[in-house]
Amino acid sequence: QAWQEQVPVMAYDRIMAVQAGERLVLARRIREALDRQEFELHYQPIRRISDGRIVALEALLRWRQRDGGFVPPDVFIPLAEASGLIVPIGRWTLEQAAQAHGRVAAHGHHDVAIAVNVSAVQLLADNVPEVIRDLQREHRLPRGALHVELTESVLLRQPQVARMRMLELRVAGVGIAIDDFGTGFSSMTYLRNLPLDSIKIDRGFVHQVHADERNASICRALIALAHGLGLGTVAEGVETAEELDWLRRNGCDQAQGYHLGRPAPLDKVIESIVEAA
Ligand code: C2E
Ligand code: CA
Ligand code: CA
Ligand code: CA
């Protein structure tokens with residue numbers, strides 16, 4: 001019970017990091033930004049380590065304001081959650097992701113999934129499985145075309161609702177990854193009981209993993225744990241060839257990070273996929 005209380009507090013802390021006045025202005029600006037179409041998505045490749053093939057593209061929100069200002073998602077997403085605006089933003093993002101899958105498939109790459117970050121608030125406040133089923137029908141998406149990335153916090157707030165939604169997503173053929181694994185209140189119970197496909201190892205643990213004995217121990221343990229449960233492993237924030245090489249030698253399945261491709265507008269990403277093929 002007590003630790004469930006900490007989840008909103010964490011988001012609150014992040015909101016408080018922004019000056020109070022600025023915060024109010026931002027909340028109003030988020031509402032306008034949706035109407036004015038100031039949001040865009042960038043896509044970052046997730047690659048299979050064994051052969052370097054792109055298996056998915058993670059959609060990452062970008063907010064470029066008309067005055068040229070850039071607000072990072074770490075700042076505006078907690079605000080959008082607090083104001084409920086995460087629901088329309090999340091729906092817009094899923095719609096964009098469905099379109100993105102169609103565009104990548106049109107270039108012959110049908111098996112590249114689009115991974116979407118779904119916030120805890122969004123999963124609990126909106127009927128995300130139904131939204132996704134509608135998109136699958138409308139865009140004729142194959143099973144597996146969309147993945148969702150959930151953070152651990154969602155599982156602690158309303159575990160029963162979260163579990164139901166996840167089961168529905170599984171039935172709809174949506175892959176489910178736990179994001180930033182190891183940074184929240186990881187529980188072995190949910191790893192055992194929830195319908196997951198993979199865990200994403202937080203980039204804090206991946207950093208210098210070839211040289212940092214502590215990070216190496218954690219990554220080895222997380223990979224063994226995931227594989228023991230039949231789950232895949234994705235290393236986040238891979239910035240060097242040395243890190244990637246360590247991950248390959250230690251059996252990590254997939255990787256993502258600046259070394260393997262930076263987030264970029266979809267056109268750019270498609271160009272690079274087509275060139276590499
Ligand atoms: P995340 O889901 O953990 O996304 C990974 C973040 O790491 C992204 O930051 C990405 O640009 C960055 N990154 C990727 N490779 C590297 C690397 O090699 N080194 C370093 N240092 N960073 C790397 P970004 O785009 O600023 O997003 C921050 C967070 O905002 C995301 O963390 C996610 O929690 C949230 N977010 C982004 N887009 C959405 C969205 O559409 N919906 C929701 N609910 N949250 C989102
Ligand atoms: Ca993510
Ligand atoms: Ca992550
Ligand atoms: Ca992260």
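One-based numbering along the sequence shown. Every heavy atom of this structure was used, including side-chain atoms; hydrogens, water molecules and symmetry mates were not. As the structure lists them, so they are numbered: ligands from 1, and atoms in each ligand from 1.
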query: Distance only, no hydrogens: is a donor on one side chain within 3.5 Å (strictly under) of an acceptor on the other, for Gln44 and His42?
result: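 No - no donor-acceptor pair under 3.5 Å links their side chains.
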
query: Going by distance alone, is a donor N or O of one side chain under 3.5 Å from an acceptor N or O of the other, for Asp253 and Thr233?
result: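 Checked: Asp253/Thr233 side chains pair up, N/O donor to acceptor below 3.5 Å.
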
May I ask you to say whether [X] pairs ionically with [Y], meaning some side-chain N is under 4.0 Å from a carboxylate O?
X	Y	result
Arg31	Asp35	no
Lys268	Glu271	no
Glu58	Lys200	yes
Glu168	Arg133	yes

Going by the atom numbers of ligand 1, which of them fall below 4.0 Å from some non-hydrogen atom of [X]?
X	answer
Gln44	14 (C), 15 (N)
Arg62	11 (O), 24 (P), 25 (O)
Asp180	3 (O)
Glu58	2 (O), 4 (O)
Ser119	44 (N)
Thr93	41 (O)
Gly237	16 (C), 17 (C), 18 (O)

- prompt: For atom 35 (C) of ligand 1, which of Leu60, Val238, Ile77 has the closest heavy atom?
  reply: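 Among Leu60, Val238, Ile77, the closest heavy atom to atom 35 (C) of ligand 1 belongs to Ile77.
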
query: Which one of Arg203, His259, His42 has a non-hydrogen atom at the shortest distance from atom 12 (C) of ligand 1?
result: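 Selected option, by shortest heavy-atom distance: Arg203.
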
Which N, O or S atom of [X] lies nearest to the Ca ion (ligand 2), by name:
X	answer
Asp179	OD2
Glu58	OE2
Glu149	OE1

query: Which bit of Asp179 gets closer than 4.0 Å to ligand 1, counting heavy atoms only: side chain, backbone, both or neither?
result: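 Answer for Asp179: side chain.
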
task: Please state whether the rings of Trp92 and Phe39 are parallel, tilted or perpendicular, taking 30° and 60° as the class boundaries.
output: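 Trp92 and Phe39: tilted rings.
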
Examine [X] against ligand 1 and note whether any of their N/O atoms are separated by less than 3.5 Å.
X	result
Glu149	no
Gly257	no
Glu239	yes
Asn117	yes

query: Mind checking whether Trp246 and Arg220 have side chains closer than 4.5 Å, heavy atoms only?
result: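 Yes. Closest side-chain heavy atoms under 4.5 Å.
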
message: Quick check on the Ca ion (ligand 3): does Asp202 put an N/O/S atom closer than 3.0 Å to it?
response: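 No, since none of the N, O or S atoms of Asp202 sits under 3.0 Å from the Ca ion (ligand 3).
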
What are the two closest non-hydrogen atoms of [X] and [Y], and how far apart are they?
X	Y	answer
Val87	Ala125	CG2-CB, 4.0 Å
Asp111	Arg53	OD2-NH2, 4.5 Å
Pro45	Gln256	O-CG, 3.6 Å

task: Treating Ile, Leu, Val, Met, Phe, Trp and Tyr as nodes and any side-chain heavy-atom pair under 4.5 angstrom as an edge, say whether Leu60 and Val206 lie in one connected cluster.
output: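 Shared cluster, no.
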
query: What atom name does the N, O or S atom of Asp180 nearest to the Ca ion (ligand 3) carry?
result: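 In Asp180, the heteroatom (N, O or S) nearest the Ca ion (ligand 3) is OD1.
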
message: So, taking the atom named CD1 in Ile199 and the one named CD in Glu236, what distance separates them when rounded to the nearest 0.5 Å?
response: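 Result: 10.5 Å between the selected atoms.
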
task: Take every heavy atom of Glu236, measure it against each atom of ligand 1, and state whether any distance is under 4.0 Å.
output: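 Yes; Glu236 lies near enough to ligand 1 that a heavy-atom distance drops under 4.0 Å.
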
- prompt: At a 4.0 Å cut-off, with the gap strictly under it, does some heavy atom of Pro263 reach an atom of ligand 1?
  reply: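 Judged by the 4.0 Å heavy-atom criterion, Pro263 does count as contacting ligand 1.
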
query: Is the distance between the Ca ion (ligand 2) and the nearest N/O/S atom of Glu236 smaller than 3.0 Å?
result: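 No, outside the cut-off.
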
